[in-house]
Structures are given as C-alpha cells and as structure tokens.
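Notes follow once the structure below has been shown.
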Amino acid sequence: RNFPQPTTVLNFDHSTATTLAAHSSVYNNTPWGGFAKFANLEKGSHFTGICDLKTYFHHFGYLPPPPGNFSDDFDSDLESAIFNYQRNLGLPVTGKLDTDTVDLIMAPRCGMGDDHTRAAVNTTTRHLHTTRH
Amino acid sequence: YSFFNGQPRWMRSSPMTLTYAFSPDGMIDYLPQEEIRAVFSRAFGRWSEVIPVNFTEVEDYRTAEIHIGFHNGDHGDGEPFDGVLGVLAHAFSPENGRLHLDAAETWAVDFQTEGSRVAVDLESVATHEIGHVLGLAHSSVSDAIMYPSLRPRSRRVDLRIDDVEGVQALYGSNPNFNYGSLLESDQETFNG
C-alpha cells in the first residue's frame, strides 16, 4: 500500500492533490469538472473561464448578480465568496482556491443554495434568510 | 443546522401524518419500483424516529402532500437539472412538498450491483431532501445529513445530532426517541 510522502516544497500537499486528481477524472464531463484548472489561483489573477466559477457561486448564494456579465478576474468579490463558502462548508478558511476547496466545489451537491435566499418555494425566486445555530 | 426564513414547517394537528406519492410521469425504469419505494420508506422513517410526524405513501399523486419525481433538465420549476453529477436533486421548503431528483444521475440502491463510478446513493439524497421538505436548510457539519455535498459512490443516511436538534426544534421530539442511542452511535462513528 502506498502512502503519500510528506513534502515541504512550496507547502504542496501531495495527498490533497492526489485526491483532487482522482476526483477530477471522475468529474470529467460533469458540470463543474472543468473547475480543476482553477486550483491554486490567487486573488489578482486573470484566468479565462473563471467567470463560470463566479456563476457557480452566484447560483448557490455566495455572489450577488453582476451588473453585466461576470469577468474572468479573481477579484475581491470572488475572494469574499470563497471565504463564505469555506466557512459555510467547514473548510479551512483561506479565501484561496486551494485544492480542498476546488475539490469540494466540483463535487455533486444539492441544488438548494447555501444561504437559502433562493429557496424555491414557488416557481418564482423568493428571497429568504436563514437562521443558523 | 439552519432553517429557512421564518422557520416554515408543516402545520397539522398532532399526531401529524403527511402523505407522499411518486410522480406517475417522473420515474426511472432501471431500478425496481419496489426498491425505490423501500428506499424512500426508510428515508422517511429515519426522520419519523426523531419527531412526532408519520409519513404514509398514497397512490393519488394529486392529493398527496409530498410529491416525489425524477426529472430531466428544465422540468418547470425554474431550477433545471444539469445532467450527470453537478446538481443531484432539490426540494422545496414547507408546505410546498415538491422533492425532485435529477433523472440523469445513475441512481443506486446497492453499490455492489451498480458499478458506475458516478453512481449516486439514492437513499442518502432522499434523506437529505426530506430534511428540506420538513424545513431544514443546509448544515456546515460535514457528516450531517443536511450537509449539501455528497460524492459519488458514498453513502450518508444516518441522522446526526445536528440534524436531530434542528428538526426537533421545528416539530418537537418523538416521545419514543432515544437520544442516548444517537449519541452512542455518533461516538462509535467518531471512534471507528
């Protein structure tokens, strides 16, 4: 049985990266499978297609709708969305697209948003708020 | 645990019985109907064990309070499904009663007979969505039923303390519920 070897090179966690790679292959051709390429991007970067990640965060209640289209910039709004996502889902709160975060983003999930402001009560969107304990 | 705004819940006289039915036009054909019904019966039963609410399957889809169906893509509720994986299912807060599963998934009741790498455990998702039907929103506790994410070929069907406390805050406790046994099971899982 092979165990991942610890490494200190650039703080790179091989075990997590292996998990991401393994899941990425399962998630090929799934709606969010392409998000693997966003792993380890940082605030300030520009990456084609990251607007799709913003759409994801918007869909699940982490980003407000943009005035136009989402840009491909890793901006403060995206960082804030990542902070909230990590906090909500029990991940280490880094505000970065670390491999654990990207891995969970790609995973299948319930269609209900996590802030429940889009909880579908009728066929029209209804704004709700949650009480968290 | 968390609730929807206003903590909506089913308001019925006690003891409460809610009826559920399967959509005659929204079923999958590669799993035996009896197995699907048995899965949902167990999923409803888990919630019944902890709150004073019973669930009964009825044949008449129109008059049932909870409507269950497998649907593809845009199915008319403003929340279209997206194909394999991605969004698996969604449900509506009380007292709407709609519980929809993405028909494009490879739904499994037994991973030993369903070998697909993208197979999704039907019972896990059913139990989660029933939590929404009852009024629970998502939890940040990763092993709770109400955690929003579920990986393919994984199974999460047992209510955890977080789920129990949340749903009991809405409906009260089933007088026959043994809280100690749940704590014990949580402890066993933790140790195991």
Side-chain angles (χ1 to χ4, degrees), chain A residues 19-20 22-36 52 55-57 59-62 83-93 100-133, chain B residues 1-8 76-96 98 100-102 104-105 116-120 124-125 128-129 131-132 135-154 162 165-166 169:
Chain A
T19 303
L20 181 61
H23 289 156
S24 294
S25 67
V26 174
Y27 300 149
N28 278 345
N29 303 316
T30 66
W32 309 315
F35 290 173
D52 295 333
T55 302
Y56 173 98
F57 279 125
H59 184 83
F60 292 110
Y62 293 96
F83 270 126
N84 287 331
Y85 179 83
Q86 292 168 331
R87 200 173 292 121
N88 255 2
L89 297 196
L91 291 165
V93 180
D100 282 346
T101 302
V102 174
D103 185 46
L104 191 59
I105 289 170
M106 291 194 304
R109 56 162 291 156
C110 173
M112 300 282 281
D114 296 338
D115 70 346
H116 305 284
T117 56
R118 284 158 45 82
V121 175
N122 288 308
T123 52
T124 54
T125 301
R126 176 171 164 180
H127 292 277
L128 299 173
H129 302 280
T130 54
T131 307
R132 188 173 291 280
H133 298 263
Chain B
Y1 58 91
S2 65
F3 305 121
F4 302 107
N5 184 44
Q7 301 188 11
D77 63 3
E79 297 287 337
F81 285 131
D82 54 6
V84 178
L85 301 185
V87 169
L88 303 173
H90 57 225
F92 293 63
S93 55
E95 300 183 13
N96 180 288
R98 281 182 288 179
H100 296 163
L101 302 116
D102 188 348
E105 309 302 343
S116 168
R117 292 199 309 162
V118 294
V120 178
S124 302
V125 176
H128 175 97
E129 299 303 334
H132 286 318
L136 288 178
H138 284 152
S139 169
S140 58
V141 178
S142 62
D143 59 359
I145 285 291
M146 295 315 296
Y147 192 73
S149 178
L150 181 76
R151 297 194 187 281
R153 304 196 67 79
S154 66
D162 187 70
E165 288 180 342

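All values derive from a computational prediction rather than experimental measurement. Here is how names work: the chains are called A, B, and so on, in the same order as the sequence lines, proteins then strands, and each is numbered from 1.
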Could you report the tightest heavy-atom contact between [X] and [Y], atom names first, then the distance?
X: Ala91(B); Y: Met112(A); result: O-SD, 2.9 Å
X: Leu88(B); Y: Pro108(A); result: CD2-CB, 3.6 Å
X: Val26(A); Y: Leu85(B); result: O-CD1, 4.4 Å
X: Tyr147(B); Y: Leu104(A); result: OH-CD2, 3.2 Å

What's the separation between atom CE in Met106(A) and atom CZ in Arg151(B), rounded to the nearest 0.5 Å?
8.0 Å
CG-CZ distance between Asn28(A) and Arg117(B), expressed to the nearest 0.5 angstrom
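Between atom CG of Asn28(A) and atom CZ of Arg117(B) there are 7.5 Å.
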Which portion of Leu91(A) sits near chain B, non-hydrogen atoms under 4.5 angstrom
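Contact with chain B involves no heavy atom of Leu91(A) at all.
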For residues His138(B) and Phe60(A), determine if any side-chain heavy atom of one lies less than 4.5 Å from a side-chain heavy atom of the other.
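They are not in side-chain contact.
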Could you walk me through whether Val118(B) and Tyr27(A) satisfy the side-chain contact (heavy atoms from CB on, under 4.5 Å) test, starting with their C-alpha distance in whole Å, then the side-chain angles of each, then the deciding distance to 0.1 Å, before giving a yes or no?
CA-CA 8 Å; Val118(B) 294; Tyr27(A) 300 149; over 6 Å; no
So which residue, Val87(B), Val141(B), Val125(B), Val84(B), ends up with the most heavy-atom pairs under 4.5 Å with chain A?
Val87(B)
Looking at chain A, which one of Pro148(B), Ala169(B), Gly166(B), Ser149(B) has the largest number of heavy-atom pairs inside 4.5 Å, strictly under?
Pro148(B)
With sequence neighbours excluded, tell me which residues meet salt bridge (charged side-chain N to carboxylate O under 4.0 Å, His left out) with Glu165(B).
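Per chain and number, Glu165(B) pairs via salt bridge (charged side-chain N to carboxylate O under 4.0 Å, His left out) with no residue.
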